[in-house]
J.: 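Got a structure here, written out as C-alpha coordinates. Questions coming.
All of these numbers come straight from a predicted model, not from anything done at the bench. The chains referred to below are lettered A, B, ... by the order of the sequence lines, with proteins before strands, and numbering in each begins at 1.
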Protein chains: 2
Amino acid sequence: MSLDLFNRSGVENITTRHIAKELGISQGNLHYHYPNKDKLLETLFSDMLTALKSAERIIEDKPLDPQQMLLSMTDNFKIMYSYRLFFQQNDVIWRRLPEIKEVMTLLFQTKQSEILALIELYKKEGKFREEISARQVEFLAEQFIFNIQSWLNVKDYNPDKVSFAYYAKLLFRLWLPYLHPTEMKTWEKLLD
Amino acid sequence: MSLDLFNRSGVENITTRHIAKELGISQGNLHYHYPNKDKLLETLFSDMLTALKSAERIIEDKPLDPQQMLLSMTDNFKIMYSYRLFFQQNDVIWRRLPEIKEVMTLLFQTKQSEILALIELYKKEGKFREEISARQVEFLAEQFIFNIQSWLNVKDYNPDKVSFAYYAKLLFRLWLPYLHPTEMKTWEKLLD
DNA sequence: GTCTATACAGCGATAGAC
DNA sequence: GTCTATCGCTGTATAGAC
(Lines give C-alpha, C1' and ligand atoms only; values in the text may rest on other atoms or scores of the structure.)
Protein backbone atom coordinates (compact mmCIF):
# COMPACT_ATOMS: atom_id res chain seq x y z
CA MET A 1 0.00 0.00 0.00
CA SER A 2 1.39 3.39 -1.02
CA LEU A 3 -0.09 4.94 2.12
CA ASP A 4 2.18 2.91 4.39
CA LEU A 5 5.22 3.55 2.25
CA PHE A 6 4.67 7.31 2.36
CA ASN A 7 3.96 7.24 6.08
CA ARG A 8 7.03 5.22 6.87
CA SER A 9 9.69 6.41 4.48
CA GLY A 10 8.63 9.90 3.50
CA VAL A 11 6.96 11.26 0.39
CA GLU A 12 10.26 12.54 -1.02
CA ASN A 13 11.97 9.15 -0.67
CA ILE A 14 9.26 6.92 -2.10
CA THR A 15 9.33 6.63 -5.86
CA THR A 16 6.79 5.28 -8.31
CA ARG A 17 9.10 2.29 -8.68
CA HIS A 18 8.72 1.48 -4.98
CA ILE A 19 4.97 1.78 -5.09
CA ALA A 20 4.63 -0.33 -8.22
CA LYS A 21 6.82 -3.03 -6.70
CA GLU A 22 4.79 -3.01 -3.49
CA LEU A 23 1.59 -3.36 -5.49
CA GLY A 24 3.10 -6.17 -7.56
CA ILE A 25 2.57 -4.36 -10.84
CA SER A 26 4.93 -2.70 -13.28
CA GLN A 27 5.87 0.93 -13.08
CA GLY A 28 4.37 1.54 -16.50
CA ASN A 29 1.10 0.08 -15.34
CA LEU A 30 1.04 2.30 -12.25
CA HIS A 31 1.43 5.35 -14.45
CA TYR A 32 -1.51 4.14 -16.48
CA HIS A 33 -3.78 4.32 -13.42
CA TYR A 34 -2.20 7.34 -11.78
CA PRO A 35 -0.66 9.78 -14.25
CA ASN A 36 1.84 10.97 -11.63
CA LYS A 37 2.91 10.89 -8.01
CA ASP A 38 0.92 14.00 -7.08
CA LYS A 39 -2.28 12.37 -8.32
CA LEU A 40 -1.54 9.49 -5.97
CA LEU A 41 -1.18 11.89 -3.06
CA GLU A 42 -4.39 13.67 -3.95
CA THR A 43 -6.25 10.38 -3.96
CA LEU A 44 -4.91 9.50 -0.52
CA PHE A 45 -5.90 12.93 0.75
CA SER A 46 -9.46 12.68 -0.43
CA ASP A 47 -9.59 9.19 1.10
CA MET A 48 -8.68 10.76 4.42
CA LEU A 49 -11.33 13.44 4.06
CA THR A 50 -14.07 10.89 3.45
CA ALA A 51 -12.83 8.81 6.38
CA LEU A 52 -12.95 11.83 8.66
CA LYS A 53 -16.36 12.79 7.34
CA SER A 54 -17.88 9.37 7.91
CA ALA A 55 -16.48 9.29 11.45
CA GLU A 56 -18.37 12.42 12.44
CA ARG A 57 -20.98 11.63 15.01
CA ILE A 58 -24.30 13.20 14.28
CA ILE A 59 -24.46 16.38 16.27
CA GLU A 60 -27.77 17.74 14.98
CA ASP A 61 -29.18 20.09 17.58
CA LYS A 62 -27.77 18.52 20.71
CA PRO A 63 -24.15 19.19 21.65
CA LEU A 64 -22.08 16.18 22.63
CA ASP A 65 -21.40 15.39 26.25
CA PRO A 66 -17.78 15.00 27.40
CA GLN A 67 -17.79 11.22 27.11
CA GLN A 68 -19.04 11.32 23.55
CA MET A 69 -16.54 14.00 22.70
CA LEU A 70 -13.72 11.82 23.96
CA LEU A 71 -14.87 8.91 21.84
CA SER A 72 -15.26 11.09 18.79
CA MET A 73 -11.79 12.55 19.24
CA THR A 74 -10.30 9.08 19.66
CA ASP A 75 -11.79 8.07 16.31
CA ASN A 76 -10.36 11.17 14.69
CA PHE A 77 -6.92 10.50 16.09
CA LYS A 78 -7.04 6.96 14.76
CA ILE A 79 -7.80 8.19 11.25
CA MET A 80 -5.26 10.98 11.44
CA TYR A 81 -2.62 8.50 12.50
CA SER A 82 -3.24 6.19 9.58
CA TYR A 83 -2.91 9.19 7.25
CA ARG A 84 -0.18 10.78 9.30
CA LEU A 85 1.89 11.81 6.29
CA PHE A 86 -0.44 14.78 5.87
CA PHE A 87 0.44 16.03 9.33
CA GLN A 88 4.02 14.89 9.86
CA GLN A 89 5.10 15.74 6.34
CA ASN A 90 2.80 18.70 5.86
CA ASP A 91 5.61 20.99 4.79
CA VAL A 92 6.69 18.76 1.91
CA ILE A 93 3.15 18.00 0.82
CA TRP A 94 1.90 21.58 1.05
CA ARG A 95 4.81 22.71 -1.11
CA ARG A 96 3.97 20.12 -3.75
CA LEU A 97 0.21 20.57 -3.59
CA PRO A 98 -0.93 23.97 -2.31
CA GLU A 99 -4.58 22.94 -2.77
CA ILE A 100 -4.17 20.41 0.02
CA LYS A 101 -2.87 23.14 2.29
CA GLU A 102 -5.86 25.30 1.52
CA VAL A 103 -8.35 22.53 2.15
CA MET A 104 -6.70 21.57 5.44
CA THR A 105 -6.54 25.15 6.60
CA LEU A 106 -10.20 25.64 5.83
CA LEU A 107 -11.14 22.36 7.49
CA PHE A 108 -9.46 23.29 10.75
CA GLN A 109 -10.83 26.82 10.65
CA THR A 110 -14.30 25.33 10.51
CA LYS A 111 -13.50 22.98 13.36
CA GLN A 112 -12.24 25.92 15.36
CA SER A 113 -15.46 27.88 15.08
CA GLU A 114 -17.43 24.77 15.98
CA ILE A 115 -15.38 24.24 19.10
CA LEU A 116 -15.59 27.93 19.94
CA ALA A 117 -19.38 27.75 19.81
CA LEU A 118 -19.32 24.74 22.09
CA ILE A 119 -17.06 26.43 24.62
CA GLU A 120 -19.23 29.50 24.65
CA LEU A 121 -22.20 27.29 25.36
CA TYR A 122 -20.36 25.72 28.28
CA LYS A 123 -19.61 29.16 29.55
CA LYS A 124 -23.25 30.22 29.28
CA GLU A 125 -24.27 27.12 31.19
CA GLY A 126 -22.00 28.21 34.00
CA LYS A 127 -19.54 25.36 33.77
CA PHE A 128 -16.71 27.79 33.14
CA ARG A 129 -15.46 30.32 35.63
CA GLU A 130 -16.84 33.82 35.23
CA GLU A 131 -13.51 35.64 35.29
CA ILE A 132 -12.44 34.03 32.01
CA SER A 133 -12.41 36.73 29.34
CA ALA A 134 -13.87 36.34 25.86
CA ARG A 135 -10.37 36.74 24.44
CA GLN A 136 -9.18 33.84 26.55
CA VAL A 137 -12.06 31.67 25.39
CA GLU A 138 -11.00 32.30 21.80
CA PHE A 139 -7.50 31.37 22.79
CA LEU A 140 -8.69 28.08 24.24
CA ALA A 141 -10.47 27.18 21.01
CA GLU A 142 -7.35 28.06 19.05
CA GLN A 143 -5.16 25.95 21.31
CA PHE A 144 -7.53 23.04 21.05
CA ILE A 145 -7.36 22.96 17.27
CA PHE A 146 -3.63 23.66 17.28
CA ASN A 147 -3.09 20.57 19.39
CA ILE A 148 -5.19 18.41 17.11
CA GLN A 149 -3.29 19.59 14.06
CA SER A 150 0.17 19.25 15.58
CA TRP A 151 0.09 16.34 18.01
CA LEU A 152 1.73 14.01 15.45
CA ASN A 153 4.32 16.52 14.43
CA VAL A 154 6.77 16.53 17.27
CA LYS A 155 6.24 13.43 19.33
CA ASP A 156 7.08 9.92 18.34
CA TYR A 157 3.66 8.54 18.59
CA ASN A 158 3.72 4.79 18.97
CA PRO A 159 0.25 3.23 18.92
CA ASP A 160 1.54 0.07 20.55
CA LYS A 161 2.67 1.87 23.64
CA VAL A 162 0.07 4.60 24.13
CA SER A 163 -3.53 4.44 23.09
CA PHE A 164 -5.37 6.99 21.03
CA ALA A 165 -7.81 7.41 23.89
CA TYR A 166 -4.91 8.54 26.06
CA TYR A 167 -4.10 11.34 23.65
CA ALA A 168 -7.73 12.36 23.42
CA LYS A 169 -7.83 12.67 27.20
CA LEU A 170 -4.63 14.65 27.20
CA LEU A 171 -6.19 17.04 24.72
CA PHE A 172 -9.16 17.73 26.95
CA ARG A 173 -6.86 18.60 29.81
CA LEU A 174 -6.63 21.98 28.12
CA TRP A 175 -10.13 22.71 29.40
CA LEU A 176 -9.58 21.80 33.02
CA PRO A 177 -8.25 25.08 34.44
CA TYR A 178 -11.14 26.95 32.87
CA LEU A 179 -13.76 24.98 34.75
CA HIS A 180 -15.28 25.67 38.14
CA PRO A 181 -13.29 23.90 40.88
CA THR A 182 -15.90 21.21 41.55
CA GLU A 183 -16.52 20.57 37.86
CA MET A 184 -12.76 20.48 37.39
CA LYS A 185 -12.36 17.68 39.92
CA THR A 186 -14.94 15.46 38.25
CA TRP A 187 -13.48 16.08 34.78
CA GLU A 188 -10.00 15.39 36.00
CA LYS A 189 -11.07 11.97 37.22
CA LEU A 190 -12.59 11.29 33.82
CA LEU A 191 -9.35 12.26 32.10
CA ASP A 192 -6.97 10.26 34.23
CA MET B 1 22.88 31.87 1.68
CA SER B 2 21.99 28.19 1.90
CA LEU B 3 19.93 28.87 5.01
CA ASP B 4 17.45 31.01 3.11
CA LEU B 5 17.27 28.58 0.23
CA PHE B 6 16.46 25.68 2.55
CA ASN B 7 13.96 27.75 4.50
CA ARG B 8 12.18 28.93 1.40
CA SER B 9 12.25 26.04 -1.01
CA GLY B 10 12.68 22.97 1.15
CA VAL B 11 15.66 20.78 1.93
CA GLU B 12 14.60 18.13 -0.57
CA ASN B 13 14.30 20.63 -3.42
CA ILE B 14 17.53 22.55 -2.94
CA THR B 15 20.52 20.91 -4.57
CA THR B 16 24.22 21.50 -4.14
CA ARG B 17 24.10 23.15 -7.55
CA HIS B 18 21.57 25.73 -6.32
CA ILE B 19 23.66 26.52 -3.30
CA ALA B 20 26.88 26.81 -5.27
CA LYS B 21 25.21 29.16 -7.73
CA GLU B 22 23.84 31.30 -4.92
CA LEU B 23 27.29 31.51 -3.35
CA GLY B 24 28.83 32.37 -6.72
CA ILE B 25 31.19 29.40 -6.69
CA SER B 26 31.29 26.14 -8.62
CA GLN B 27 29.61 22.99 -7.46
CA GLY B 28 32.96 21.23 -7.28
CA ASN B 29 34.29 23.95 -5.03
CA LEU B 30 31.30 23.67 -2.71
CA HIS B 31 31.97 19.97 -2.32
CA TYR B 32 35.54 20.80 -1.42
CA HIS B 33 34.37 22.83 1.59
CA TYR B 34 31.37 20.68 2.51
CA PRO B 35 31.82 17.04 1.56
CA ASN B 36 28.08 16.57 1.22
CA LYS B 37 24.66 18.10 1.70
CA ASP B 38 24.16 16.59 5.14
CA LYS B 39 27.34 18.25 6.38
CA LEU B 40 25.86 21.56 5.27
CA LEU B 41 22.72 20.89 7.29
CA GLU B 42 24.71 19.90 10.34
CA THR B 43 26.65 23.14 10.18
CA LEU B 44 23.44 25.17 10.02
CA PHE B 45 22.06 23.22 12.94
CA SER B 46 25.05 23.86 15.17
CA ASP B 47 24.87 27.52 14.14
CA MET B 48 21.32 27.60 15.47
CA LEU B 49 22.34 25.94 18.72
CA THR B 50 25.05 28.53 19.38
CA ALA B 51 22.63 31.33 18.51
CA LEU B 52 20.09 29.97 20.97
CA LYS B 53 22.77 29.48 23.59
CA SER B 54 24.10 33.02 23.34
CA ALA B 55 20.57 34.42 23.57
CA GLU B 56 19.99 32.82 26.96
CA ARG B 57 19.64 35.45 29.61
CA ILE B 58 21.67 34.74 32.69
CA ILE B 59 19.32 33.12 35.15
CA GLU B 60 21.80 32.33 37.93
CA ASP B 61 19.90 31.99 41.16
CA LYS B 62 17.06 34.39 40.50
CA PRO B 63 14.16 33.27 38.35
CA LEU B 64 13.05 35.67 35.63
CA ASP B 65 10.04 37.89 36.11
CA PRO B 66 7.22 37.76 33.53
CA GLN B 67 8.48 40.78 31.58
CA GLN B 68 11.94 39.32 31.22
CA MET B 69 10.49 35.98 30.24
CA LEU B 70 8.51 37.62 27.45
CA LEU B 71 11.62 39.33 26.11
CA SER B 72 13.62 36.14 26.29
CA MET B 73 10.94 34.19 24.47
CA THR B 74 10.72 36.85 21.78
CA ASP B 75 14.45 36.46 21.16
CA ASN B 76 14.10 32.72 20.94
CA PHE B 77 11.25 32.99 18.46
CA LYS B 78 13.33 35.30 16.30
CA ILE B 79 16.18 32.80 16.14
CA MET B 80 13.85 29.87 15.59
CA TYR B 81 12.22 31.69 12.73
CA SER B 82 15.50 32.36 10.97
CA TYR B 83 16.32 28.65 11.27
CA ARG B 84 12.75 27.57 10.71
CA LEU B 85 13.70 24.66 8.43
CA PHE B 86 14.51 22.65 11.55
CA PHE B 87 10.95 23.06 12.80
CA GLN B 88 8.86 23.26 9.66
CA GLN B 89 10.80 20.52 7.86
CA ASN B 90 11.64 18.49 10.93
CA ASP B 91 10.28 15.29 9.43
CA VAL B 92 12.56 15.42 6.38
CA ILE B 93 15.59 16.50 8.37
CA TRP B 94 15.12 14.00 11.18
CA ARG B 95 14.88 11.21 8.65
CA ARG B 96 18.15 12.28 7.02
CA LEU B 97 19.99 13.04 10.24
CA PRO B 98 18.69 11.19 13.30
CA GLU B 99 21.36 12.85 15.46
CA ILE B 100 19.63 16.19 14.97
CA LYS B 101 16.38 14.67 16.15
CA GLU B 102 18.05 13.34 19.27
CA VAL B 103 19.70 16.64 20.09
CA MET B 104 16.47 18.58 19.60
CA THR B 105 14.50 16.13 21.67
CA LEU B 106 17.00 16.37 24.48
CA LEU B 107 17.11 20.15 24.24
CA PHE B 108 13.38 20.51 24.65
CA GLN B 109 13.25 17.92 27.41
CA THR B 110 15.71 20.03 29.35
CA LYS B 111 13.66 23.16 28.67
CA GLN B 112 10.59 21.34 29.89
CA SER B 113 12.06 20.47 33.25
CA GLU B 114 13.31 24.01 33.63
CA ILE B 115 9.86 25.41 32.97
CA LEU B 116 8.31 22.81 35.25
CA ALA B 117 10.57 23.94 38.08
CA LEU B 118 9.57 27.53 37.45
CA ILE B 119 5.88 26.74 37.47
CA GLU B 120 6.22 24.80 40.69
CA LEU B 121 7.94 27.80 42.22
CA TYR B 122 5.05 30.00 41.14
CA LYS B 123 2.69 27.56 42.72
CA LYS B 124 4.63 27.55 45.97
CA GLU B 125 4.57 31.34 46.00
CA GLY B 126 0.80 31.17 45.84
CA LYS B 127 0.40 32.75 42.43
CA PHE B 128 -1.35 29.66 41.15
CA ARG B 129 -4.70 28.42 42.38
CA GLU B 130 -4.56 25.69 45.01
CA GLU B 131 -6.98 23.31 43.32
CA ILE B 132 -4.57 22.76 40.41
CA SER B 133 -3.22 19.22 40.66
CA ALA B 134 0.41 18.24 40.27
CA ARG B 135 -0.54 16.25 37.18
CA GLN B 136 -2.06 19.36 35.65
CA VAL B 137 1.05 21.38 36.41
CA GLU B 138 3.10 18.83 34.49
CA PHE B 139 0.62 19.11 31.67
CA LEU B 140 1.05 22.88 31.57
CA ALA B 141 4.83 22.54 31.28
CA GLU B 142 4.39 19.99 28.51
CA GLN B 143 1.97 22.24 26.65
CA PHE B 144 4.28 25.19 26.98
CA ILE B 145 7.18 23.35 25.34
CA PHE B 146 4.92 21.74 22.78
CA ASN B 147 3.79 25.19 21.65
CA ILE B 148 7.34 26.45 21.35
CA GLN B 149 8.35 23.46 19.27
CA SER B 150 5.33 23.51 16.99
CA TRP B 151 4.25 27.13 16.55
CA LEU B 152 5.99 27.36 13.15
CA ASN B 153 4.67 24.07 11.95
CA VAL B 154 1.07 24.79 11.19
CA LYS B 155 0.60 28.50 10.88
CA ASP B 156 1.88 30.65 8.09
CA TYR B 157 3.96 32.88 10.20
CA ASN B 158 4.64 36.14 8.44
CA PRO B 159 7.05 38.38 10.34
CA ASP B 160 5.88 41.40 8.40
CA LYS B 161 2.34 41.09 9.63
CA VAL B 162 2.67 39.80 13.19
CA SER B 163 5.54 40.46 15.55
CA PHE B 164 7.49 37.84 17.44
CA ALA B 165 6.48 39.58 20.65
CA TYR B 166 2.87 38.88 19.76
CA TYR B 167 3.52 35.15 19.59
CA ALA B 168 5.46 35.23 22.83
CA LYS B 169 2.47 36.85 24.53
CA LEU B 170 0.15 34.32 23.00
CA LEU B 171 2.31 31.56 24.43
CA PHE B 172 2.03 32.92 27.95
CA ARG B 173 -1.74 32.93 27.67
CA LEU B 174 -1.46 29.25 28.49
CA TRP B 175 -0.71 30.24 32.07
CA LEU B 176 -3.62 32.60 32.61
CA PRO B 177 -6.36 30.20 33.71
CA TYR B 178 -4.03 28.68 36.28
CA LEU B 179 -3.49 31.95 38.10
CA HIS B 180 -5.48 33.44 40.94
CA PRO B 181 -8.25 35.71 39.60
CA THR B 182 -6.56 38.97 40.58
CA GLU B 183 -3.15 37.87 39.30
CA MET B 184 -4.87 36.70 36.14
CA LYS B 185 -6.29 40.14 35.46
CA THR B 186 -2.94 41.88 35.74
CA TRP B 187 -1.21 39.26 33.55
CA GLU B 188 -3.93 39.48 30.96
CA LYS B 189 -3.36 43.21 30.60
CA LEU B 190 0.32 42.54 30.13
CA LEU B 191 -0.41 39.99 27.41
CA ASP B 192 -2.86 42.04 25.40
C1' DG C 1 -4.81 -3.22 -19.08
C1' DT C 2 -0.39 -4.77 -18.48
C1' DC C 3 4.06 -5.47 -19.75
C1' DT C 4 9.30 -4.24 -21.07
C1' DA C 5 12.24 -0.98 -22.68
C1' DT C 6 13.78 3.37 -22.80
C1' DA C 7 14.02 8.47 -22.99
C1' DC C 8 15.50 12.34 -20.55
C1' DA C 9 16.47 15.31 -16.75
C1' DG C 10 18.45 15.98 -12.43
C1' DC C 11 20.78 14.39 -8.40
C1' DG C 12 25.20 13.92 -5.34
C1' DA C 13 29.75 13.27 -5.73
C1' DT C 14 34.46 12.75 -7.83
C1' DA C 15 38.57 13.33 -11.06
C1' DG C 16 41.96 15.90 -12.62
C1' DA C 17 43.77 20.25 -14.72
C1' DC C 18 45.26 24.74 -13.26
C1' DG D 1 41.40 26.45 -3.50
C1' DT D 2 38.88 26.69 -7.54
C1' DC D 3 37.53 25.30 -11.79
C1' DT D 4 35.32 22.17 -15.72
C1' DA D 5 33.96 17.84 -17.04
C1' DT D 6 31.98 13.79 -16.14
C1' DC D 7 30.51 9.46 -13.74
C1' DG D 8 26.92 6.61 -11.88
C1' DC D 9 22.66 6.59 -10.23
C1' DT D 10 17.82 7.48 -9.58
C1' DG D 11 13.82 10.13 -10.56
C1' DT D 12 9.34 10.70 -13.54
C1' DA D 13 7.21 9.72 -17.49
C1' DT D 14 6.39 7.72 -22.17
C1' DA D 15 6.48 4.42 -26.33
C1' DG D 16 5.10 0.52 -28.26
C1' DA D 17 4.44 -4.63 -28.18
C1' DC D 18 1.14 -7.94 -26.51
J.: For the aromatic rings, using the six-membered ring if either is Trp, is the centroid distance between A:Tyr167 and A:Tyr157 under 6.0 Å?
T.: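 Judged by ring-centre distance (under 6.0 Å), A:Tyr167 and A:Tyr157 do meet the cut-off.
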
J.: Check DNA chain C against residues 14-24 of chain A and give the residues with a non-hydrogen atom under 4.0 Å, in numerical order.
T.: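 Those residues whose heavy atoms fall under 4.0 Å from DNA chain C, taken from residues 14-24 of chain A, amount to none.
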
J.: Walk me through whether B:Leu170 and A:Glu142 qualify under side chain to side chain contact (heavy atoms under 4.5 Å, CB included).
T.: CA-CA 11 Å; B:Leu170 213 54; A:Glu142 196 183 319; 3.8 Å; yes

J.: So, are B:Asp192 and B:Lys169 salt-bridged, with charged N and O less than 4.0 Å apart?
T.: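 A salt bridge is absent here (no side-chain N lies under 4.0 Å from a carboxylate O).
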
J.: Would you say the rings of A:Trp151 and A:Phe87 are close, in the sense that their centroids are separated by under 6.0 Å?
T.: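 That pair fails the under 6.0 Å test.
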
J.: Which parts of residues 30-47 of chain A get close to DNA chain C, meaning a heavy atom less than 4.0 angstrom away?
T.: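 Listed by number, they are A:Tyr32, A:His33.
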
J.: Report the C-alpha separation of B:Lys185 and A:Glu131 in whole Å, then their side-chain angles, then the decisive distance to 0.1 Å, and conclude whether the salt bridge (charged side-chain N to carboxylate O under 4.0 Å, His left out) test is met.
T.: CA-CA 9 Å; B:Lys185 299 284 178 206; A:Glu131 59 266 36; over 6 Å; no

J.: Return the value, rounded to whole Å, for the distance between atom CG of A:Asn13 and atom P of D:dT10.
T.: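 So the two atoms are 13 Å apart, to the nearest Å.
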
J.: Checking B:His18 against B:Gln27: is there a side-chain donor and acceptor pair closer than 3.5 Å?
T.: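 No donor-acceptor contact under 3.5 Å links the two side chains.
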
J.: What is the distance, rounded to the nearest whole Å, between atom CD1 of B:Ile25 and atom P of D:dC3?
T.: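 It works out to 7 Å between those atoms.
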
J.: Which residue is it: B:Gln136, B:Glu183, B:Lys127, B:Arg129? I am looking for the one with a side chain to side chain donor-acceptor pair (under 3.5 Å) to B:Tyr178.
T.: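 Of the listed residues B:Gln136, B:Glu183, B:Lys127, B:Arg129, the side chain to side chain donor-acceptor pair (under 3.5 Å) partner of B:Tyr178 is B:Gln136.
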
J.: Rounding to a whole Å, what distance do you find between A:Gln27:CD and C:dA7:P?
T.: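 Between P of C:dA7 and CD of A:Gln27: 15 Å.
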
J.: Can B:Asn7 and B:Gln88 be counted as having a side-chain donor-acceptor contact under 3.5 angstrom?
T.: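 Not at all, the side chains of B:Asn7 and B:Gln88 share no donor-acceptor pair under 3.5 Å.
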
